[in-house]
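Note that the structure is predicted; figures quoted are calculated from it, not measured. The figures here come from the full heavy-atom set of this structure, side chains too, leaving out hydrogens, waters and symmetry mates.
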Amino acid sequence: MTTEDNLATGAALAFDEFILREIEKILRSSSESSQPLELEPARGQLFEMFVAAHGAGYLEEDAKTDMTADELCKTLARRWGLDEAAQQSVARQQKLDAQSLDKMRLLWALLRMWMEWTYAWSRWDEFHQPG
């Protein structure tokens, strides 16, 4: 691997991590202010991250960095320990604690919005052809 390849790989890793951290900040801010993600400013900020992820090629199924809706939410759930919390909840046959449930709700809202934007973005050309 050449130095240029290493720099490109480092830049790609840094950019995907930047997007993830920005999304986490937006989600945290929304949660702390008790504002739904679907309202401004969170919606617009998340959409900017969606556009950045799309521009970087992260929304393609075969992308090296996968930020499709499912993978993005899985990544965040792992970072937040929600995967373990859910497994423990099932094993103990108890409800998720309130904090984990709030984070899960944030991820569900993000998942829905990200999926809707992906669908709309993929069909844009179909409805905006000259003619």
Side-chain angles (χ1 to χ4, degrees):
M1 191 175 257
T2 68
T3 302
E4 287 176 355
D5 289 337
N6 285 333
L7 289 173
T9 300
L13 293 175
F15 190 59
D16 68 348
E17 185 60 29
F18 167 79
I19 291 172
L20 284 169
R21 287 181 184 174
E22 288 299 307
I23 291 170
E24 284 183 298
K25 281 189 219 175
I26 296 163
L27 297 179
R28 187 173 35 259
S29 176
S30 180
S31 177
E32 290 169 357
S33 65
S34 299
Q35 292 292 318
L37 292 178
E38 295 84 357
L39 299 179
E40 294 299 337
R43 178 179 60 183
Q45 294 167 339
L46 286 171
F47 187 70
E48 288 176 17
M49 293 300 101
F50 171 84
V51 172
H54 179 271
Y58 299 158
L59 301 181
E60 303 299 321
E61 292 294 330
D62 58 348
K64 192 171 195 173
T65 299
D66 188 343
M67 284 194 181
T68 57
D70 290 338
E71 287 304 314
L72 174 62
C73 289
K74 283 179 192 176
T75 299
L76 292 172
R78 265 191 313 275
R79 283 180 175 217
W80 296 349
L82 292 177
D83 52 350
E84 291 178 27
Q87 289 171 357
Q88 290 175 3
S89 172
V90 170
R92 294 180 185 157
Q93 297 181 349
Q94 296 175 342
K95 293 181 181 179
L96 275 175
D97 62 272
Q99 185 180 13
S100 294
L101 190 56
D102 286 344
K103 287 181 178 180
M104 195 73 81
R105 286 186 179 123
L106 280 173
L107 287 183
W108 289 329
L110 175 64
L111 175 72
R112 184 182 46 74
M113 291 166 53
W114 207 265
M115 287 172 60
E116 289 173 356
W117 292 333
T118 301
Y119 178 76
W121 207 263
S122 72
R123 299 205 54 198
W124 174 266
D125 290 339
E126 185 178 338
F127 294 96
H128 293 86
Q129 294 178 5

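Evaluation of the salt bridge (Lys or Arg N to Asp or Glu O under 4.0 Å) test over residues 75-87, restricted to residues two or more places apart or in two chains, returns Glu17-Arg79, Glu24-Arg79.
Looking at every heavy atom in both residues, Glu71 comes nearest to Asp66 through CG-OD2, 3.2 Å. When every heavy atom of Ala42 is checked against every heavy atom of Pro36, the shortest pair comes out as CB-O, 4.4 Å. Taking each heavy atom of Ala63 and Gly57 in turn, the nearest pair found is CB-O, 3.1 Å. Residue Met104 comes nearest to Leu96 through the heavy atom pair CE-CD1, 3.9 Å, listed as atom of the first residue, atom of the second, then distance.
A continuous path of hydrophobic side-chain contacts links Tyr58 to Phe18 [ILVMFWY only; heavy atoms under 4.5 Å]. In terms of hydrophobic clustering, with Ile, Leu, Val, Met, Phe, Trp and Tyr side chains grouped at heavy-atom distances under 4.5 Å, Phe15 and Leu59 are assigned to a common cluster. No path of Ile, Leu, Val, Met, Phe, Trp and Tyr side chains, each step under 4.5 Å between heavy atoms, connects Met115 with Phe50, placing them in separate hydrophobic clusters.
Partners of Arg92 by salt bridge (charged side-chain N to carboxylate O under 4.0 Å, His left out), not counting sequence neighbours: none found. Listed by chain and residue number, Asp97, Lys103 satisfy the side-chain contact (heavy atoms from CB on, under 4.5 Å) test with Gln99 (two or more places apart in sequence, or in another chain).
Residues Leu27 and Leu76 are in side-chain contact: their nearest non-hydrogen atoms beyond the backbone lie under 4.5 Å apart. With contacts defined as side-chain heavy-atom distances shorter than 4.5 Å, the pair Thr118/Thr68 does not qualify. You'll find the side chain of Leu72 stays beyond 4.5 Å of the side chain of Leu111, heavy atoms only.
Taking CE from Met67 and OG1 from Thr75, the interatomic distance works out to 7.5 Å, rounded to the nearest 0.5 Å. Within the model, atoms CD of Gln45 and CD1 of Ile23 stand 11.5 Å from one another, a figure rounded to the nearest 0.5 Å. Atom CZ of Arg43 and atom OG of Ser30 lie 12.5 Å apart (nearest 0.5 Å). Atom-to-atom distance recorded for Met113:CE and Leu46:CG is 5.0 Å, nearest 0.5 angstrom.
More than 12 heavy atoms of other residues, nucleotides or ligands shown are found within 6.0 angstrom of CZ on Arg112.
One N or O on the side chain of Ser122 and one on the backbone of Tyr119 form a donor-acceptor pair closer than 3.5 Å.
In this structure, Trp117 and Trp114 have tilted ring planes: the angle between them lies in the 30° to 60° band.
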